Protein chains: 2
Amino acid sequence: MALRYALLALLTSRPMTGYDVSKQFSQSVAHVWHAPDSQIYPELNRMERDGLLESSVVPWGKKGTKKEYAVTEAGVKAFREWMDSPIEIRRQREPAYLKAAYLEWAEPGAARAELEQFRDYWTEHLAMLEATRATLVDRSHPTLASRLEHYDAAQWDRIVRYKIFAYDGLIDQARAAIAWAERGLVLVDELEGSTVD
Amino acid sequence: MALRYALLALLTSRPMTGYDVSKQFSQSVAHVWHAPDSQIYPELNRMERDGLLESSVVPWGKKGTKKEYAVTEAGVKAFREWMDSPIEIRRQREPAYLKAAYLEWAEPGAARAELEQFRDYWTEHLAMLEATRATLVDRSHPTLASRLEHYDAAQWDRIVRYKIFAYDGLIDQARAAIAWAERGLVLVDELEGSTVD
DNA sequence: TGACGCATGTAACTCGTTACATGATTCT
DNA sequence: AGAATCATGTAACGAGTTACATGCGTCA
């Protein structure tokens, strides 16, 4: 059900077509809840069926059309209720840590390659998170900008600071993952010898 | 497929019955890859069908029997191959951070309750990780002890240090999560007023 | 006119969750 | 005798992944 609320969160900023949702999603909400297009379109349809969204068909070009979704009152209510309900705890399921615990089974070269790949992924991810955080701080983030339009200027700081808080948590995680992978590389060198194999 | 390798990892320490697997699993491998019983038993059957495990029926009491699973050569090979192959990257999917980004929608009391619940879960989890880490350091962890028996004493340090490395990564994550939740509670007090509601 | 972006999905499958189901054994 | 623990699952459903399918619009 979390996907549903992630989509509602995005659509509370402004009405959007499915395509816009899928594009904007990947640049904002996906940082905390990833989902591919093939999950987004069907879910939008189900949300409309359940009365959380309503859609209007907008002409596009000469023959084309597109569907624009807007959150209904019921949708806002459902989102608020979810926000006020206790979070589900997600149990750990992280292949990198699983593998790390059994690194004595890996070839030294494979162990290094994995830790490097992990570090590089998180380094890239961190750069993206920091860039996004900067667009929140200066309020140039497009979704944030449309969101703030519904609110009194007195509320802007409050809204922005929660988003920055969320990104700060993600950034902490990314930094911790990178530091851990680097310690792992030192450990592999120490235990397996630092020769290339 | 990661569940399959998590089970192989556990069973490389010693042969076990399904029940033992499900119990030992929750005290070791589940810290990096959680799975309920209802997923474990069927997967063990599939792994036997696929030749990664072989089972022998052991009498239990007067009429009862139980099935003991041991990793086959093919199982060891499959595990090594997985260990040497690149890790799959898991994209972010964390309801706590999703909610944090939209805390302006929550009642102040609910926001506090969520952050407290999150902090408390991770605090408890951290205590368990630290306790488990200590049993690795002093080598009293039961699964580790049976695992070390297959190896030459000269290898013990290497094996143990990889496991400690994995737990250190989990402990870092837990500490980061707790610190983040605490900063969140301060933020909620600042933005929503610190009166009880 | 061809490439790229806009637009919207379906189909098949695997993985994971939740709830339920059943019986034997051992300990107190 | 009853509780706890050992033992092993199934059934139904929901969530997530991967690959594929199709056509219009716009701009160079």
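This one's a predicted model, so the numbers in the text were calculated from it and none came from an experiment. In the text below, chain A, chain B and the rest are named by the order of the sequence lines, each starting its count at 1.
Here C:dG16 is the nucleotide among D:dT10, D:dC24, C:dG16 with the atom lying nearest to any side-chain atom of B:R90. With C:dT8, D:dA7, D:dA15 as the candidates, the nucleotide lying closest to the side chain of B:D20 is D:dA7. Counting only heavy atoms from C-beta on, B:K62 has its side chain closest to C:dT25 among D:dC24, C:dT25, C:dA19. Here D:dG16 is the nucleotide among C:dA24, D:dG16, D:dC24 with the atom lying nearest to any side-chain atom of A:W33. Taking only side-chain atoms of B:P36, from C-beta outward, the nucleotide of C:dG16, C:dT17, D:dA7 with the closest atom is C:dT17.
Regarding B:E43, its CD atom lies at a distance of 14 Å from the P atom of C:dT17, rounded to whole Å. Atom-to-atom, CG of A:D37 to P of D:dG16 comes out at 15 Å; the value is rounded to the nearest Å. Between the P atom of D:dA7 and the CD1 atom of B:I40 lies a distance of 14 Å, rounded to the nearest Å. Taking atom CD on A:E88 and atom C1' on C:dG16, their separation rounds to 14 Å, with Å as the unit. Between the CE atom of B:M16 and the P atom of D:dT8 there is a distance of 13 Å, given to the nearest Å. Rounding to whole angstrom units, OH of residue B:Y5 and C1' of C:dC15 are separated by 15 Å. Note: NE2 (A:H34) to P (D:dT18) measures 8 Å, nearest angstrom. A:K66 places its NZ atom 12 Å from the C1' atom of C:dG5, with the value rounded to the nearest Å.
Taking the centre of each ring, A:W105 and B:F79 come in below the 6.0 Å mark.
Taking for each of B:R91 and B:Y69 the nucleotide of DNA chain D with the nearest heavy atom, the 5'-most of the two is the partner of B:Y69.
Regarding contacts with the backbone of C:dA7, a side-chain N or O of A:W60 is found under 4.0 angstrom from either OP1 or OP2. Residue A:R93 has a polar side-chain atom (N or O) positioned under 4.0 Å from OP1 or OP2 of C:dT17. The shortest distance between the side-chain N/O atoms of A:Y19 and the OP1/OP2 oxygens of C:dC6 is below 4.0 Å.
Between B:Y97 and B:W180, the angle of the ring planes stays under 30°, which puts this pair in the parallel group of the 30/60° scheme. Between A:H125 and A:Y121, the ring planes lie parallel to each other; the angle is under 30°, not in the 30° to 60° tilted range.
Checked by distance alone, B:T17 brings no side-chain donor or acceptor within 3.5 Å of a matching partner on the base of D:dT8. The base of D:dT8 is not paired with the side chain of B:S22 by any donor and acceptor separated by under 3.5 Å.
No contact: B:K23 has no heavy atom under 4.0 Å from any strand.
The local environment of CZ in B:R139 is crowded, with over 12 non-hydrogen atoms from other residues, nucleotides or ligands closer than 6.0 Å.
Under the 4.5 Å side-chain heavy-atom criterion for grouping Ile, Leu, Val, Met, Phe, Trp and Tyr, A:V58 is not connected to A:L44 through any hydrophobic cluster.
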